[in-house]
Amino acid sequence: MRSRVYLLSPLPPCDEHQLFLRAQALSGFTLGELARRIQWTIPANLKKKKGWVGMLLEFYLGAKAGSKPEQDFADIGIELKTIPVSAQGVPLETTFVCIAPLTGNSGVIWDSCHVRNKLSRVLWVPVEGERHIPLADRRIGAPLLWSPNAEETKRLRHDWEELMDLIVLGKVESITARHGEVLQLRPKAANRYALTEAIGEKGQPIMTLPRGFYLKKAFTRELLARYFLL
DNA sequence: GGCTGATCATAA
DNA sequence: TTATGATCAGCC
């Protein structure tokens, strides 16, 4: 008889080191191996299970499941990000950071914003993401604990302030993903009908697609490369 | 082929 | 509806 113990997620890690050790212990395993061990069904692809890899890693690392706007490991101040990479370790997708607040932004500053909070400390877990590799065969890579350095912080802050200014000024619908050097604003919605309130060009309330902040690939590529070349 | 804009599943 | 987890896929 199988013990149900193996189906339980571990307790949240006590500290950063313990979390990192857990992540290191997963590196080299395939998603199939990890999924089978906890009796998770492996989808044929991610088309209808886009968050599946992230959820699997959350389970193994003891992240609290939940949809609160805070870090995955709030107690120890760390955000978990799985990132799909090529065989060369190059990111294949942008990285979602958080929902962008489109109203009630008077007085919001960088020092207390969600973007800064989420990115203050990130555990990056690279996972093979090329679509020609069956999901079950994709391997977990070596994890990386990262905090933005002075240069990265400066760039993030600059983009954030520019984007937030446009949002406050009622220009959210004129923002494209081309704005921002390292941080971009793009739709983050269930579908085209899921609208949220924002500020229009004349300061009036409008309904528009929810937006999210994303890290551009060049930014994550550089931070991963910087680490793995050290 | 890469990127931007669109979309999928699920919980509360 | 808003938040979490993100990747899809058509257009340039």
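Predicted model, so just to flag it, every value in this text is computed and none were measured.
The side chain of P69(A) has dA3(C) as its nearest neighbour among dA3(C), dC8(C), dG5(B). Among the nucleotides dT4(B), dT10(B), dC8(B), the one closest to the side chain of K50(A) is dC8(B). Between dT7(C), dT7(B), dT4(C), one nucleotide has an atom nearer to the side chain of A189(A) than all others, and that is dT7(B). With dA6(C), dT7(C), dA3(C) as the candidates, the nucleotide lying closest to the side chain of E93(A) is dT7(C). Side-chain proximity of M55(A) to the nucleotides dT10(B), dC3(B), dG5(C) is greatest for dG5(C). Distances were taken from every side-chain heavy atom of K217(A) (C-beta onward) to each of dC3(B), dA9(C), dC8(B); the shortest belongs to dC3(B).
Side chain R138(A) to base dT7(C): no donor-acceptor pair is found below 3.5 Å. Applying the 3.5 Å distance criterion, the base of dA6(B) shares no donor-acceptor pair with the side chain of Y193(A). The base of dG5(B) does not come close enough to the side chain of K188(A) for any donor and acceptor atom to sit less than 3.5 Å apart.
When the P atom of dT7(B) is taken as reference, atom NZ of K49(A) falls 20 Å away, rounded to whole Å. Protein atom CD of E130(A) is 16 Å distant from nucleotide atom C1' of dC8(C), rounded to whole Å. Atom C1' of nucleotide dA6(C) and atom CD1 of I83(A) are separated by 11 Å, given to the nearest angstrom. When rounded to the nearest whole Å, the span between CG of L215(A) and C1' of dT4(B) equals 16 Å. As rounded to whole Å, 9 Å separates atom C1' of dG5(B) from atom CG of L209(A). Summarising the geometry, the separation between CD1 on I42(A) and P on dA9(B) is reported as 19 Å, rounded to the nearest angstrom. Atom-to-atom, CG of L31(A) to P of dG5(C) comes out at 17 Å; the value is rounded to the nearest Å. The separation between Q71(A) atom CD and dG5(C) atom C1' is 16 Å, rounded to whole Å.
A salt bridge does not link D72(A) with K118(A): every distance from a Lys NZ or Arg NE/NH1/NH2 to an Asp or Glu carboxylate oxygen is 4.0 Å or more. Salt bridge status for R121(A) with E16(A): present, with a side-chain N to carboxylate O gap under 4.0 Å. Ionic pairing of R139(A) and E128(A) is not present here: no N-O contact between side-chain nitrogen and carboxylate oxygen is shorter than 4.0 angstrom. Electrostatic pairing of K81(A) and E79(A) counts as a salt bridge here, judged by a charged N lying under 4.0 Å from a carboxylate O. For the pair E152(A) and R226(A), the salt-bridge criterion is met [side-chain N within less than 4.0 Å of a carboxylate O]. No salt bridge links E33(A) with R37(A); every basic N to acidic carboxylate O contact stays at or beyond 4.0 Å.
Taking for each of A190(A) and Q184(A) the nucleotide of DNA chain B with the nearest heavy atom, the 5'-most of the two is the partner of Q184(A). Closest-nucleotide positions on DNA chain C for R131(A) and E58(A) were compared, and the one nearer the 5' end corresponds to E58(A).
Between R178(A) and dC3(B), a side-chain N or O to OP1/OP2 separation shorter than 4.0 Å is absent. Contact annotation: K47(A) side-chain N/O to dA9(C) OP1/OP2 distance is under 4.0 Å. For dT2(C), one of the phosphate oxygens OP1 or OP2 lies less than 4.0 angstrom from a side-chain nitrogen or oxygen of T196(A). Considering only side-chain N and O atoms, K48(A) lies under 4.0 angstrom from the phosphate OP1 or OP2 of dA9(B). In this structure, K118(A) reaches the dT4(C) phosphate: one of its side-chain N or O atoms is under 4.0 Å from OP1 or OP2. Contact between the side-chain N/O atoms of T82(A) and the OP1/OP2 oxygens of dA6(C) is found at a separation under 4.0 Å. Taking side-chain N and O atoms only, R192(A) has no distance below 4.0 Å to OP1 or OP2 of dG5(B).
Residue-level contact check: E197(A) touches neither bases nor backbone, having no heavy atom under 4.0 Å from any strand. Within the 4.0 angstrom heavy-atom criterion, no nucleotide atom of any strand lies near P210(A). Using a 4.0 Å heavy-atom cutoff across all strands shown, K81(A) reaches sugar-phosphate atoms only and no base atom. Across all strands shown, L92(A) has no heavy atoms under 4.0 Å from either base or sugar-phosphate atoms. Among the protein residues, G51(A) comes within range of the nucleic acid bases, having at least one heavy atom under 4.0 Å from a base atom.
Counting only heavy atoms from C-beta outward, the side chains of V97(A) and Y214(A) never approach each other to under 4.5 Å.
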